[in-house]
Amino acid sequence: MKLNYKRTLFVGFAFFLICAFWQAYDGIVPLMLVNKFGLNQTWSGFVMALDNILALFMLPLFGALSDKKDTKYGKRTPFIVMGTILAVVCFVALTFVDNVQLNKITAQGQDYFWQQNYTVTNSEYDSFGNNDVEKQYTLHDYTSLMLFNKPYDQLTDAEKQQAQNWYENINEDTLYSYDRQTDTYTVYESAPEGVKTTSAYTTLVNTARSGFAHETTQNSVWVLVIFVVLLLATLISMATFRSPAVALMPDVTVKPLRSKANAIINLMGTAGGMIVLVIGMVFGTGKIANQIMSYTGYVATVCALMVVALVIFMFTVKEKKWNGEMLAQQALLDDDETETVISNDEENISEVATVKVDTNEKLPKEKLKSLLLILASVALWFIGYNAITSKYSLYAVNVLEKDYNTTLLIAQAAAIIAYIPVGIVASKLGRKRTILIGVALLTLSFVCAIFVTSHTPTFVIWVLFALAGIAWATINVNSFPMVVELSSGGTIGKYTGYYYTASMAAQIVTPILSGAFMDLMGTMRVLFPYAALFVALSFVTMLFVKYGDSKPETPQSKLEMLGNDD
């Protein structure tokens with residue numbers, strides 16, 4: 001028995017456009033909320049979680065609705081087409097509202113920030129290792145400390161004027177170093193060899209601009225309200241077809257080949273995410289100087305990519321015909337009763353087997369327990385992983401002073417390379433053990449990332465993100481098939497909804513919870529300890545899973561190793 005790779009590839013274009021969207025969304029929406037509207041980490045997380053609350057209910061709903069839908073195009077295709085079109089329109093419209101706020105912020109320059117003397121967070125404050133310094137400074141004092149190592153009120157009039165002139169002309173290339181032992185600062189216009197430096201522009205200008213953005217939002221909250229409404233509309237549009245799109249693969253693939261097919265689907269999704277990261281690098285979405293840029297061109301390009309993927313999907317996928325062929329093949333495998341005779345023509349099965357299925361079938365107690373444990377594991381590792389994906393664009397700029405697109409691209413590339421080894425491991429060990437290995441690797445990478453700073457060698461960061469990408473590929477390829485393995489032919493959509501309900505619930509909790517910890521601890525560096533803890537907990541719940549792990553077959557070729565064989 002061999003997987004039809006061509007068909008699976010075409011089906012994967014639906015997941016390709018989904019992942020393209022989420023890569024762009026997770027990258028820029030937190031930047032919009034914090035840099036344009038001045039929200040803190042807790043409130044920005046809350047706004048993002050509000051988007052997912054509706055999706056929490058809509059994912060199982062539309063999964064179940066698509067199970068019952070029957071059109072000449074199939075069950076899932078109408079949802080995919082209409083949902084994508086609506087999401088593209090709403091996502092582009094969202095950037096227009098963002099531009100309204102952008103215009104308000106850019107109306108005032110750095111001279112205005114200086115005159116207002118905003119209070120900004122001390123970048124040297126760290127609740128873990130350097131909490132004996134002030135947590136916040138006024139803009140005047142912070143600038144004075146950097147230039148003269150004394151507070152603003154101790155400066156002469158000439159020094160005050162010098163501080164003001166320096167601040168109003170500061171740019172993204174200006175750096176400074178801080179010596180904890182002597183509590184002194186040194187400013188540089190270019191990075192000296194061997195000296196650990198921090199971006200003065202990020203510390204002084206971006207934080208002041210965030211304060212001004214917060215002030216602007218308070219004075220005119222309606223822009224934020226409209227932004228949130230459009231954000232909800234965008235997420236609702238995505239939620240209408242996410243479960244149907246993912247359920248399409250098992251709809252056209254027999255059970256023993258679903259892990260292998262899922263690897264192809266994930267490969268397509270990873271490719272979509274990588275292309276979007278490259279687009280982000282072209283538009284400079286991760287540059288320090290572009291934190292208040294207009295995202296219209298970037299989002300329009302991403303949406304154009306989604307539309308191209310949709311067109312390819314529409315012209316290549318024959319859902320109804322392929323589903324009928326799958327049911328016929330599965331009936332033979334299961335030795336179930338059929339109501340019609342199946343044609344022997346392998347290329348074009350003309351008579352479709354009608355399999356008798358019970359959409360109200362209940363799981364035995366032990367299998368139900370395993371399903372709940374799998375879903376708990378999914379929720380826990382998504383709480384950890386999505387804390388990183390939802391906050392990393394901000395973390396990369398403000399803590400690591402790196403372009404988030406580059407490091408995430410490394411992780412995605414490693415994930416693609418990992419699919420073949422994952423197939424080998426899964427074919428030997430099975431899904432559960434393979435997932436446990438992936439969870440352990442992801443925990444290790446997050447624990448190591450705790451100690452990464454802006455001064456850590458770039459290759460070390462690349463290694464850690466590559467390890468995280470490999471780990472996530474190992475988990476992702478095998479977890480969804482474990483859920484649908486417990487379903488029957490008529491409940492695939494419902495079980496797909498369960499899977500995405502667990503993951504979406506995690507996305508509701510984790511932006512708020514991780515943001516609250518950041519605000520409470522006074523540092524973004526709590527992000528990776530938080531993520532490591534929850535991923536480690538998912539290892540514990542996964543240990544007790546007993547069902548959903550079919551005995552794997554040995555792959556016959558390297559191409560078949562792209563997925564985990566059942």
Side-chain angles (χ1 to χ4, degrees), residues 1-20 66 73-77 79-81 84 241-275 308-330 333 346-349 415-424 426-427 431 473-474 476-485 487 489 492-493 495-496 499 550 552-553 555-566:
M1 182 185 301
K2 293 184 178 181
L3 178 69
N4 190 321
Y5 288 97
K6 184 178 179 180
R7 288 187 179 184
T8 307
L9 192 70
F10 289 142
V11 169
F13 274 102
F15 198 58
F16 175 97
L17 66 88
I18 288 174
C19 290
S66 66
Y73 302 107
K75 295 179 178 181
R76 323 295 183 184
T77 299
F79 291 91
I80 294 170
V81 173
T84 301
F241 76 95
R242 188 169 183 178
S243 288
V246 177
L248 184 56
M249 180 276 287
D251 271 349
V252 300
T253 309
V254 292
K255 284 187 176 182
L257 300 176
R258 284 175 184 167
S259 285
K260 187 186 304 180
N262 196 47
I264 302 294
I265 299 298
N266 277 280
L267 185 66
M268 291 292 291
T270 303
M274 289 182 69
I275 293 173
V308 169
L310 178 64
V311 170
I312 295 173
F313 174 88
M314 291 170 61
F315 280 96
T316 57
V317 174
K318 311 299 179 186
E319 179 191 336
K320 196 153 190 172
K321 175 176 177 292
W322 297 355
N323 177 246
E325 294 175 4
M326 184 281 293
L327 291 175
Q329 294 168 0
Q330 191 66 56
L333 289 173
E346 293 182 356
E347 296 298 325
N348 184 20
I349 298 179
I416 286 184
I417 296 171
Y419 284 121
I420 289 177
V422 164
I424 296 173
S427 67
R431 294 175 183 144
T474 304
N476 221 21
V477 166
N478 295 286
S479 55
F480 174 65
M482 288 192 74
V483 174
V484 296
E485 178 72 22
S487 71
I492 289 174
Y495 278 69
T496 300
Y499 176 88
S550 296
E553 298 175 353
Q556 301 300 312
S557 68
K558 287 186 178 181
L559 188 59
E560 291 181 11
M561 292 176 190
L562 282 169
N564 174 36
D565 295 307
D566 291 308

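Note that the coordinates shown come from a computational prediction; the quantities given were computed from them, not determined experimentally.
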Any side-chain heavy atom of Trp322 within less than 4.5 Å of one from Val11? yes

In Å and rounded to the nearest 0.5 Å, what is the OG1 to CD1 distance from Thr84 to Ile18? 7.0 Å

Identify the heavy atoms of Phe15 and Gly269 that sit nearest to each other, and give their distance. CD2-CA, 3.8 Å

Considering the options Thr316, Ile312, Leu310, Val317, which one meets the side-chain contact (heavy atoms from CB on, under 4.5 Å) requirement together with Met314? Leu310

I need the Cys19 SG to Ile275 CD1 distance, nearest 0.5 Å. 11.5 Å

Give me the ring orientation class for Phe16 and Phe13: parallel if the planes are under 30° apart, tilted from 30 to 60°, perpendicular past 60°. tilted

Working note: Ile80 + Leu248, criterion side-chain contact (heavy atoms from CB on, under 4.5 Å); need CA distance, chi angles, decisive distance, verdict. CA-CA 10 Å; Ile80 294 170; Leu248 184 56; 4.2 Å; yes

Could you go step by step and tell me if Thr77 and Phe313 meet the side-chain contact (heavy atoms from CB on, under 4.5 Å) rule? CA-CA 9 Å; Thr77 299; Phe313 174 88; 4.0 Å; yes

If the threshold is 4.0 Å, N to carboxylate O, is there a salt bridge linking Asp251 and Arg76? yes

Using the rule given for side-chain contact (heavy atoms from CB on, under 4.5 Å), can you reason through Val246 versus Tyr499, listing the C-alpha separation, both sets of side-chain angles and the distance that settles it, and then say yes or no? CA-CA 10 Å; Val246 177; Tyr499 176 88; 5.9 Å; no

Do you know the tightest heavy-atom contact between Leu3 and Thr253? CD1-CG2, 3.9 Å

Euclidean distance, Met268 CE relative to Leu9 CG, rounded to 0.5 Å: 4.5 Å

